[in-house]
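What follows is a short report on a single structure.
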Amino acid sequence: MVSNKNILLGAMLLMSTATAMAQSPSDSIAAGQPPMSGDTIIYQEPTLITTKIHAQARTYGDSIALRWVPEDYVSWKYLCQTGVNVLRTETNAENFAIDTLAYALKPLSEEGFRAKYALNDSNALVALGVLYGEGRMGLNQTQNMPGTLGASMEHNNEQDLSFAFAMLVADWRPDLARDMAVGFLDRTAQPGKTYDYYIQPTRWETDGRLIFEPGVVERVRNNEYWPGIFDPQMVDSLSSPRRHVLGWWDHEYSTYELYRRQVSDGDGNATDGEWVHINPKPYLSVIELPQGEDYKAYSDSVPSFGVYEYVVAGHDAFGDVIPSAHQLRVNVYDNEPPTAPQLKTIVVDYPDNDIRGRTRARIIWEKDTLERDLQGYIVRYYNAKISGETWMELNDQIIPPADTMFVADVTGLRTGMLQVAAYDRSGNEAVSFSQLIELHDFKAPAAPDSLSAQVIVPQLTPLAREDMKRAYVILRWKPDPTDDDIMHYDIAFANDTTHTFQRLNELAINETWFIDSLALDVNQKYIYYKVRATDYSTNEGEWSPWIQVKRPHITPPTQPHLERSTSKDEEGIHMEWIVGTDADMDYHNAYRRLGEDGDWELIGRYDHDSLTAHNYTIVIDDRPTYNRQQRYYYYVESFNSSPFTSKSLAVSFLFQGPKIWDVSLKLIGDYDEKTKQTRLVWDTGKLPFDAPYYYCIYRRAAGEERYEYMGNVPADTLEFTDQRLNPGEQAEYYVMIQWRDGRQSTLSNTITVKRSEK
């Protein structure tokens with residue numbers, strides 16, 4: 001039942017919307033359109049609503065401030081001409097009454113604006129200009145020819161921009177909001193009471209071009225105002241020396257104030273800096289950035305290097321400025337490096353007069369300019385075999401700025417590169433040109449370890465067998481871990497261990513691998529290899545032990561075939577494959593694919609020696625995923641040491657599985673009186689297989705014999721809403737899973753949802 005308050009309020013509001021209602025179809029209520037939010041019921045065809053009044057309220061204990069914003073410039077100008085009504089009802093009052101707080105509320109007149117606000121009040125001038133045409137573009141002032149589409153678009157863009165700035169100054173100034181008829185202060189609201197507010201046009205459009213949805217703010221309890229918490233996520237990034245970009249994410253406020261203070265200088269000394277307002281006018285982000293429309297960015301330049309703190313404050317719609325709860329600390333580093341030193345001389349000597357003993361290097365450099373923040377120098381050494389991909393520092397402590405010489409202990413190092421780096425207090429560096437340091441070494445490298453070979457044969461067709469004359473062998477080895485100055489390797493080969501090994505490589509080998517080509521048209525069954533290392537001091541190491549490599553042949557293996565005992569059941573597909581008994585047979589691969597165009601998948605690898613005890617038979621029990629549309633294909637491929645393989649013929653099977661699958665679906669639901677709709681949610685356990693699916697929802701109203709299919713939702717959606725329950729009605733619901741290949745789940749539990757009589 002609709003309360004007397006609802007009937008009376010709906011009637012009074014509908015009287016003011018009679019013109020608009022006359023334009024709506026007579027069956028707008030029967031069409032099931034939802035009422036406006038709250039207890040007030042105003043039926044109006046949504047497809048005819050062309051604009052809307054957005055409203056909100058703020059309580060202060062002794063008063064309540066209202067703010068509203070029309071949808072666009074045209075709507076606002078219409079409301080400025082006709083005025084708005086501000087109505088109020090007390091929520092849940094025993095004696096229902098409608099209070100008219102304002103009738104035909106319009107903006108302050110032009111004369112009133114000029115009398116009330118000073119000429120240097122820029123925000124008031126913006127409102128005055130938008131309302132009464134100050135500074136507006138004339139009909140003959142467009143860049144495009146007057147009367148053309150381009151000129152109309154220019155006027156439209158100017159109107160949109162003017163409206164945006166008018167609403168911004170209304171955010172900044174509550175007095176301007178009220179004088180522009182987009183704000184109202186209810187001073188008669190009593191502390192602790194709860195009210196509903198309605199903002200609607202005083203006169204409705206008669207030709208149907210503008211049909212307003214009134215602004216409604218419900219259940220406003222008049223308590224004392226407490227500012228909310230503004231805590232945006234803030235970041236910064238350096239754009240140039242002493243300039244960086246502040247960024248934060250926020251969607252509640254339109255404009256911002258930014259404040260900065262310095263907490264330490266570039267030398268790390270603490271400073272007691274005062275907060276400085278760094279944007280003289282409220283900052284408005286008007287550029288769409290890659291981070292999204294909620295991301296705001298502001299570029300700031302600081303006067304000197306050091307550590308700074310920032311605070312961002314947001315303007316809300318009621319003229320209040322809310323500062324962020326936390327500060328962002330930014331360290332503005334000095335990123336200007338010092339001038340580079342000039343490396344002059346490197347002198348190597350032996351203090352014990354023994355070239356195999358201790359070794360020292362005296363490094364001398366020059367630097368023309370000694371910067372105020374120069375911290376000192378670091379001497380670095382580089383040899384990829386000793387220091388890897390990084391430079392090794394030779395001094396434990398930084399060398400003072402005034403020094404230009406350093407004596408380093410280079411005992412045990414090899415010939416490499418030296419450089420001198422200058423550092424300032426901010427960590428910036430400038431590096432000299434590198435120079436070679438030559439160091440003697442009399443220790444020959446050890447023989448390489450773990451020499452191995454992998455034979456590679458080209459994959460050719462049987463028709464190309466006669467032209468097949470070469471294969472390839474990849475040799476790999478490991479250097480002795482104690483040898484850190486190996487310069488290159490040499491490879492030697494022989495066709496017999498009794499022969500003299502000959503050097504194979506013409507150029508030095510810098511890697512720990514080598515590729516050799518093997519001739520297949522020779523009578524030598526094997527070939528032998530060994531390797532040795534040479535260091536940067538040209539010391540040649542010992543040869544490694546030789547390894548034996550077998551040359552491949554070009555005879556393909558016997559083709560495998562399928563045994564007749566192959567079968568299929570609910571447990572899977574059972575196959576027996578017979579393979580050849582060739583002496584050179586190596587292994588066999590089993591493959592499977594789904595459909596004629598699918599990719600072949602390796603499902604098993606079988607060593608040939610393991611099949612000798614099973615009569616050279618491969619037994620495969622495969623349980624692929626059920627598929628109701630396509631067939632599974634299988635084949636076996638045999639391999640030996642030749643470059644050719646033999647493949648069996650492919651066989652195919654259908655493996656569909658059952659249509660109905662037992663799935664645990666738990667459905668719950670209830671009627672939401674606030675949103676006027678039934679809300680269903682459900683949960684499902686682990687599904688028996690991975691395949692595309694969706695949920696189907698079924699409903700049976702009271703008195704109906706069969707369940708009605710209501711619709712479906714995607715797999716990642718676990719809820720559904722139904723808006724068709726009338727007061728006092730009830731309905732039963734259940735849900736099920738429908739896979740796109742035709743399979744279905746068992747049904748969920750059935751629930752009953754009833755809507756109250758109210």
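- Both the sub-6.0 Å distance and the 45° axial angle are not jointly satisfied by R67 relative to the ring of F318.
- Salt-bridge check for R260 with D300: passed, with a basic side-chain N closer than 4.0 Å to an acidic carboxylate O.
- No donor-acceptor pair closer than 3.5 Å links the side chain of N222 to the backbone N or O of G192.
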Review point. Do W68 and V86 pass the side-chain contact (heavy atoms from CB on, under 4.5 Å) test, and can you show the C-alpha distance, the side-chain angles, and the key distance before you say yes or no?
Key: CA-CA 11 Å; W68 60 89; V86 181; 4.0 Å; yes

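- Scanning all heavy atoms of the two residues, the minimum distance from L374 to Y423 falls at CD1-O, 3.3 Å.
- Salt bridge R173/D121: present, at least one basic N to carboxylate O contact under 4.0 Å.
- When atom types are taken as modelled, the side chain of D672 and the backbone of K676 share no donor-acceptor pair closer than 3.5 angstrom.
- Side-chain N or O atoms of D320 include none that pairs as donor or acceptor with a backbone N or O of D316 at under 3.5 Å.
- Separation of atoms OG (S109) and CG (L131) is listed at 10.5 Å; rounding is to 0.5 Å.
- Side-chain polar atoms of S432 and W365 form no donor-acceptor pair below 3.5 angstrom.
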Exercise for review: Step by step, work out the side-chain contact (heavy atoms from CB on, under 4.5 Å) result for Y197 and I64.
Suggested key: CA-CA 10 Å; Y197 290 92; I64 297 178; 3.3 Å; yes

Practice item. Would you sort out whether L413 and L394 count as a side-chain contact (heavy atoms from CB on, under 4.5 Å), showing the intermediate values? Key: CA-CA 11 Å; L413 300 183; L394 297 182; 4.3 Å; yes

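- Between the D403 side chain and the M405 main chain, no donor and acceptor come within less than 3.5 Å of each other.
- Neither side chain, Y195 nor E90, offers a donor N or O lying under 3.5 Å from an acceptor on the other.
- Between P201 and V84, the closest side-chain pair of non-hydrogen atoms is not below 4.5 Å.
- The aromatic rings of W76 and Y73 stand perpendicular to each other, their planes meeting at an angle above 60°, with 30° marking the opposite boundary.
- In this structure, the side chains of Q56 and R58 stay at 4.5 Å or more apart for every pair of heavy atoms.
- You'll find the ring centres of Y259 and W275 outside the 6.0 Å limit.
- For the pair S299 (side chain) and V245 (backbone), a donor-acceptor distance under 3.5 Å is absent.
- A donor atom on one side chain and an acceptor atom on the other are not found under 3.5 Å apart for T271 and R261.
- Rounding to the nearest 0.5 Å gives a distance of 7.5 Å between CG of L101 and CG of L66.
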Check your understanding: Which is it for R243 and V302 under the side-chain contact (heavy atoms from CB on, under 4.5 Å) test, yes or no, and what are the steps along the way?
Key -> CA-CA 6 Å; R243 177 173 287 277; V302 298; over 6 Å; no

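- At a cut-off of 3.5 Å, with distance as the only test, no side-chain donor of H244 or Y308 sits close to an acceptor on the other residue.
- Under 3.5 Å, the side chains of S162 and D160 contain no donor-acceptor pair of N or O atoms.
- Surrounding NE2 of H54 are more than 12 heavy atoms belonging to other residues, nucleotides or ligands, all under 6.0 Å away.
- A salt bridge between R380 and E429 is present, with a side-chain N of the basic residue lying under 4.0 Å from a carboxylate O of the acidic one.
- Exactly one residue among V347, V410, V407 makes a side-chain contact (heavy atoms from CB on, under 4.5 Å) with R360. That residue is V407.
- Of the N and O atoms on the side chains of S254 and D171, at least one donor lies less than 3.5 Å from an acceptor on the other residue.
- Interatomic distance, L246 CG to Y298 OH, rounded to the nearest 0.5 Å: 8.5 Å.
- Side-chain contact of N85 with T202: a donor-acceptor pair under 3.5 Å is present, judged by distance alone.
- The shortest distance between side-chain heavy atoms of Q159 and F163 does not fall below 4.5 Å.
- A donor-acceptor contact under 3.5 angstrom links the side chains of T339 and E371, judged on distance only.
- Rounded to the nearest 0.5 Å, atoms OG1 (T721) and CZ (R679) are 9.0 Å apart.
- Residues E257 and P282 have side chains in contact (heavy-atom distance under 4.5 Å, counting atoms from C-beta outward).
- Counted by atom type alone, D250 and Y256 present one or more donor-acceptor pairs between their side chains at under 3.5 Å.
- Two residues are said to be in side-chain contact when any heavy atoms from C-beta on lie closer than 4.5 Å; K116 and L108 meet this criterion.
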Exercise for review: Quick one: do E71 and K52 satisfy salt bridge (Lys or Arg N to Asp or Glu O under 4.0 Å)? Show the steps, please.
Suggested key: CA-CA 5 Å; E71 194 95 318; K52 183 178 181 180; over 6 Å; no

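- Under the 4.5 Å side-chain criterion, counting only non-hydrogen atoms from C-beta, Q435 is not in contact with M417.
- Of the possible donor and acceptor atoms, one in the side chain of Y377 sits under 3.5 Å from a partner among the backbone N and O of P401.
- Under a 4.0 Å N-O distance rule, the pair D196/R219 does not qualify as a salt bridge.
- Judged purely by distance below 3.5 Å, without hydrogens or angles, the side chains of R221 and T59 never pair a donor atom with an acceptor atom.
- Side chains of T194 and T91: a donor-acceptor N/O pair is absent below 3.5 angstrom, by distance only.
- In this structure, L185 and S63 approach most closely via the heavy-atom pair CD1-OG, 3.7 Å.
- Summarising the geometry, atom CD belonging to E213 is positioned 12.5 Å from atom CD belonging to Q200; distances are rounded to the nearest 0.5 Å.
- Looking only at side-chain heavy atoms (C-beta outward), E389 and Y382 come within less than 4.5 Å of each other.
- Here the side chains of Q419 and W391 are in contact, with some heavy-atom distance below 4.5 Å.
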